[in-house]
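Order of the sequence lines fixes the chain letters, A, B, ..., with proteins taken first and strands second; residue numbering starts at 1 for each chain.
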Amino acid sequence: MRQSRFVRNIWLGIENLLLHKLRSFLTMLGVVFGVGSVVAMLSVGEGASKEALEQIRKLGSNNIIITSVKSADDEAASTTHSHMSIYGLTYEDQLRVEETFNTIRETAPVKLIRKEARLGERSMELRVVGTTPQWFDLVQRPIIAGRVLNEADNQEQSPVAVLTEFGARKILATKNTIGQSLRIGGDYFEIVGIIKSESGEAGNIQIPDQQVDVYISLQLAKKYFGDVFYKQTSGTRTLEMVELHQIIVQVDDTDHVESTAAGLEKMLSKFHKKKDYIVSVPLALLRQAEATKRTFNIVLGSIAGISLLVGGIGIMNIMLASVTERTREIGIRRAIGAQRKQIITQFLIETVVLSTIGGLVGVGIGVLIPVLITAVSGMPTVITLTSILLPLIISAGIGILFGLYPAARAAKVDPIIALRHE
Amino acid sequence: MIEQSETHSSEDMVRLEDAHKIYQMGTEQVNALAGVTVSFKRGSFWAIMGPSGSGKSTMMNILGCLDRLSKGRYFLEGDDVSTLNDNSLSELRLRRLGFIFQSFNLIQQLSVQRNIELPLYYLGWEADKSAKRAKELAEQVGLESRLNHKPTELSGGQMQRVAIARALANDPNIIFADEPTGNLDSTTGEQILQMLIDLNRLGKTIIMVTHEPYIAKHAQYQLHMKDGLIDRIDGGGDETK
Ligand SMILES: Nc1ncnc2c1ncn2[C@@H]1O[C@H](COP(=O)(O)OP(=O)(O)OP(=O)(O)O)[C@@H](O)[C@H]1O
Ligand SMILES: [Mg+2]
């Protein structure tokens, strides 16, 4: 019965508010916009952090990626003279990296080669990566079919190949193609598996497997294809010699990632005369994304907070006016036998109903805004249950907070004076 | 906090003993009630008269538990209510007293039915039960066809009848009426008076303030006040002190 009395009180509150539709509507506008902006803000912030986390997951949060680059002066030289440029990471670098740091758990080398490949009738240029089985530990991707490279392949230098999803699509390989021969350049490899691959960029770091069609063992890549490549740049063919295009390093603990990256920079600079490598830290991106999100949340949070405050003050203002206007009604209710606390309840229910309905409308608007943002700017947004419930609870809380003072004023009305009041 | 007075008689509906109400007006004190002792017997019908400012409304507010005495004691059906707090006084008004005012004091925004139901709402009655009771009361005052009207759509006499129905909702033993006919023409006023007479016949104690002798003469007793004191009491079989 208490329950139904509560519901009845709410209905009476709504009825009373409906007596002044326009006023009630204007009163709740502040809360509508306040809550709307909170919901929108939370979903934008949530979207940004989810995207950042997703990128870090693809890159590996404990990984450091060292990439070979042509140093700037080399780049300038190659456009004028036709000569062979030698740059980048070496096989020796990988060994040194692995031996020097005890915070490093594993490393995986990447040697990237573009080769014409053929499977059955189908012939395509594929991006071939020579690596070791460690790669598959460091860049964890689900296996679609078959298996990945293992230690035995490495030691026996077995001519086996693992296709990525991209590669399989290009060369028209399927589950049924496993076991068949793939010709890469002039050599034959047995297809042993297909794995999922990720694409995308996080900051200036590329997802390591986004440019890969097929994996083979580094030993074989070295043996069959060597270290010298022709590179086609704006019509001129240049010769380049690169031993390793990338070294992926996995650190044992997230706390050691940044110090290890600094150590790597220092060590590599000793052995490389030119800066022909870049050390990138996915974790730094996460930090950056978090910092951005924090700033974002503070700025938007204070805007939303201010608008909620303004909304609350608006409600209080109108409710105070309403108490004055309804002095006589309050007096009548008190004369008939209503207790002070019942008057307080009546006014509190009205403000809470106002602010909660305002909150609901605000949530509606707040859900639309992120959808529009995503549609217009492509910025990811995520609407979570918390981002809806939290503002609703806050708006009800605002109703209580800003309703208390007017309600207390209402309860103080002296029935005798109120009844004399015209 | 219920005490029995030595002078209390079980026949007394309400009794005031040396009742004082003092208002502080700046440095001056106004003795709105200057030591009134009076008993109103169960089932009696009183007209309170006297010049403006003589303390009639002040006494009614005290008797109706809307206000508290500055000094003295007030017994309601034998219970000393002079020291009760605000909540307990509200409770008394809600459960045991009925009020009728000169200016009707209906809530403008609520329908006739809602106005009559108001005490029942605070008494915690369920919606359908109180709706039924409101209809019965409206019938009793001849307004069953006006249940869904707003007070502004009614005549003065009709509004006062709604107020009577509302005062009867909690089935009180006593009804206080402060100039109930003051805002009505004489014909309508007499109709309202007739309703009060009928209620008195049903056993309810009625205490009514009025300026009109032709209204007052229908009451069993006429109590005349002057300067916060009882000037004289006419009618009845005397022995009212
Ligand atoms: N709240 C108050 N503050 C100060 N003085 C008051 C207050 N209420 C009443 N009084 C004074 O108390 C005295 C009695 O007032 P009361 O209202 O009881 O008179 P009344 O007999 O009802 O007069 P009327 O016939 O005009 O209604 C008056 O002098 C009045 O000015
Ligand atoms: Mg008066």
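Your options are Arg166(B), Gln102(B), Gln109(B), and the one with the most heavy-atom pairs under 4.5 Å with chain A is Arg166(B). Of the listed residues Pro415(A), Ala338(A), Gly331(A), the one with more heavy-atom pairs under 4.5 angstrom with chain B than any other is Ala338(A).
Contact annotation for Arg334(A): both backbone and side-chain heavy atoms come within less than 4.5 Å of a heavy atom of chain B. Both the backbone and the side chain of Ile336(A) come within contact range of chain B, each with at least one heavy atom under 4.5 Å from a heavy atom of that chain. The contact between Phe101(B) and chain A is made entirely by side chain atoms (from C-beta outward), counting heavy-atom distances below 4.5 Å. When heavy atoms are compared at a cutoff of 4.5 Å, Asn61(B) approaches chain A solely by way of its side chain, counted from C-beta outward. Contacts of Leu106(B) with chain A are made by backbone atoms alone, with heavy-atom separations under 4.5 Å and no side-chain atom involved. Contacts between Gln342(A) and chain B at a heavy-atom distance below 4.5 Å involve the side chain alone, from C-beta outward. With a threshold of 4.5 angstrom between heavy atoms, Arg95(B) does not approach chain A through any atom at all. Heavy atoms closer than 4.5 Å to chain A are found nowhere in Ala167(B), neither backbone nor side chain.
A salt bridge links Arg326(A) with Glu350(A); the closest basic N to acidic carboxylate O contact falls under 4.0 Å. Between Lys21(B) and Asp67(B) a salt bridge is recorded (basic side-chain N to carboxylate O distance below 4.0 Å). Under the 4.0 Å criterion applied to side-chain N and carboxylate O atoms, Arg42(B) and Glu77(B) are assigned as salt-bridge partners. We find that Glu139(B) and Lys135(B) are not joined by a salt bridge, their nearest charged nitrogen and carboxylate oxygen being 4.0 Å or further apart. Salt-bridge annotation for Glu153(B) and Arg146(B): absent, with no side-chain N of the basic residue lying under 4.0 Å from a carboxylate O of the acidic one. In this structure, Glu117(B) does not pair ionically with Lys132(B), as no charged nitrogen and carboxylate oxygen lie closer than 4.0 Å.
Using a 30° and 60° split on the angle between ring planes, Phe176(B) and Phe99(B) fall in the tilted class, from 30° to 60°.
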